[in-house]
Undergrad: 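Pasting in a structure now, in structure tokens, and then I'll have a few things to ask.
Read the numbers this way: they start at 1 and go in the same order the structure lists the ligands and their atoms.
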Amino acid sequence: MINKYKGFVFDLDGVLTETSKAHFEAWQELAVEMGIEVPEQTMDEVRGISRLESLEIILGYAHSPIEYSYDEKVALATKKNNIYLDKIKAYSPSNLAEGTIELLELLKSNHIGIALASASNNAPFLLKAMKIDHYFDAVVDPGSISKGKPAPDIFMKACEMLGLEPHECVGVEDAEAGIESIKSAGLHPIGIGKLLNCDEVYQDLKSLLDHLL
Ligand code: BG6
Ligand code: MG
């Protein structure tokens, strides 16, 4: 399968490292301070969703909705990010999903382009902290994308940065919104974890690696 494609475009959170829990816990801590109770399912609801859009999901759980100005929303999202940053500050290569280095090495040795299409503004920090930044030929800046996942923009941009057509690339995602983005951009979708909207799903990155070997 591996030589059918010229590029692999990865999501980060929940694919190359398990940060989804840290994102969720940070939202939960902010919500508690605001007197909002968020259910466990929120962890899946905010997968792949930008910081400000995730805040809207959290605010949606308030019993009596409060109108916040844009600046107030930015301040709340920044507060969540500071809680999140504290949770990931000691991240190191030990936080990589099992099989990450082997998979990236396998792709490199087959001359396959490697790109990152993460909605997270913290992605460059994590790539460096986990010492995998040098494997990436392209890292999309989510700030340069006008429409986040499930829109196709971020995966299309990753292919463009690799100098490849979407049909020449695979997209790897743990979020339903991410799989939608991959599909509408025209890459081959591969899901990680539990996904209902993708035909090719592996329980984790190691299982994908085993399949490719
Ligand atoms: C995605 C996560 O990768 O990045 C989302 O799955 C998160 O949960 C989004 O909201 C934005 O991340 P950040 O780090 O810029 O707040
Ligand atoms: Mg993800």
Undergrad: Is Lys108 paired with Asp137 through a side-chain N to carboxylate O contact shorter than 4.0 Å?
TA: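 A salt bridge is present here (some side-chain N lies under 4.0 Å from a carboxylate O).
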Undergrad: For atom 15 (O) of ligand 1, what is the nearest protein heavy atom, given as residue, atom name and distance?
TA: Asn121 N, 2.7 Å
Undergrad: Just jot down the ligand 1 atoms closer than 4.0 angstrom to any heavy atom of Arg47, in number order.
TA: 6 (O)
Undergrad: Note the single closest protein heavy atom to atom 2 (C) of ligand 1, along with its residue, its atom name and the distance in Å.
TA: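 Its nearest protein heavy-atom neighbour is Asp13 OD2, 3.5 Å.
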Undergrad: Give me the residue, atom name and distance of the protein heavy atom closest to atom 13 (P) of ligand 1.
TA: Ser120 OG, 3.5 Å
Undergrad: Could you check which N/O/S atom of Asp11 is closest to the Mg ion (ligand 2)?
TA: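 Looking only at N, O and S atoms of Asp11, the one nearest the Mg ion (ligand 2) is named OD2.
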Undergrad: Distance-only, no hydrogens or angles: does the Glu33 side chain make a donor-acceptor pair with backbone N or O of Leu30 under 3.5 Å?
TA: no
Undergrad: Considering non-hydrogen atoms of the protein only, which is the closest contact for atom 16 (O) of ligand 1, and what is the distance?
TA: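 Minimum-distance protein heavy atom for atom 16 (O) of ligand 1 reads Arg51 NE, 2.7 Å.
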Undergrad: Ignoring hydrogens and geometry beyond distance, is a side-chain donor-acceptor pair present between Tyr68 and Glu56 at under 3.5 Å?
TA: no
Undergrad: A cation-pi test, strictly: NZ or CZ of Lys128 under 6.0 Å from the centre of the six-membered ring of Phe125 and no more than 45 degrees from its axis. Yes or no?
TA: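 Checked: cation-pi criterion not met.
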Undergrad: Provide the closest heavy-atom pair for Leu76 versus Met34 in the form atom of the first, atom of the second, distance.
TA: CD1-CE, 3.7 Å
Undergrad: Mark up the atoms of ligand 1 that fall under 4.0 Å of a heavy atom belonging to Val46, in ascending order.
TA: 5 (C), 6 (O), 8 (O)
Undergrad: What part of Ile49 sits under 4.0 Å from ligand 1 if we count only heavy atoms: the side chain, the backbone, both or neither?
TA: backbone
Undergrad: As an exercise, identify every atom of ligand 1 less than 4.0 angstrom from a heavy atom of Ser54.
TA: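 Contacts of ligand 1 toward Ser54, numbered from 1: 10 (O).
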Undergrad: Does an N or O anywhere in Asn122 fall below 3.5 Å from an N or O of ligand 1?
TA: yes
Undergrad: Just to verify, which of Leu162, Val140, Leu116, Ile154 counts as forming a side chain to side chain contact (heavy atoms under 4.5 Å, CB included) with Val9?
TA: Leu162
Undergrad: Cut-off 3.5 Å, side chains only: do Glu98 and Thr100 have a donor facing an acceptor?
TA: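 No.
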Undergrad: Can you tell me which residue and heavy atom of the protein come closest to atom 6 (O) of ligand 1, and the distance to 0.1 Å?
TA: Gly48 N, 2.8 Å
Undergrad: To the nearest 10°, what's the angle at the Mg ion (ligand 2) between atoms OD1 (Asp174) and O (Asp13)?
TA: 90°
Undergrad: Side chain of Asn110, backbone of Leu106: donor and acceptor closer than 3.5 Å?
TA: yes
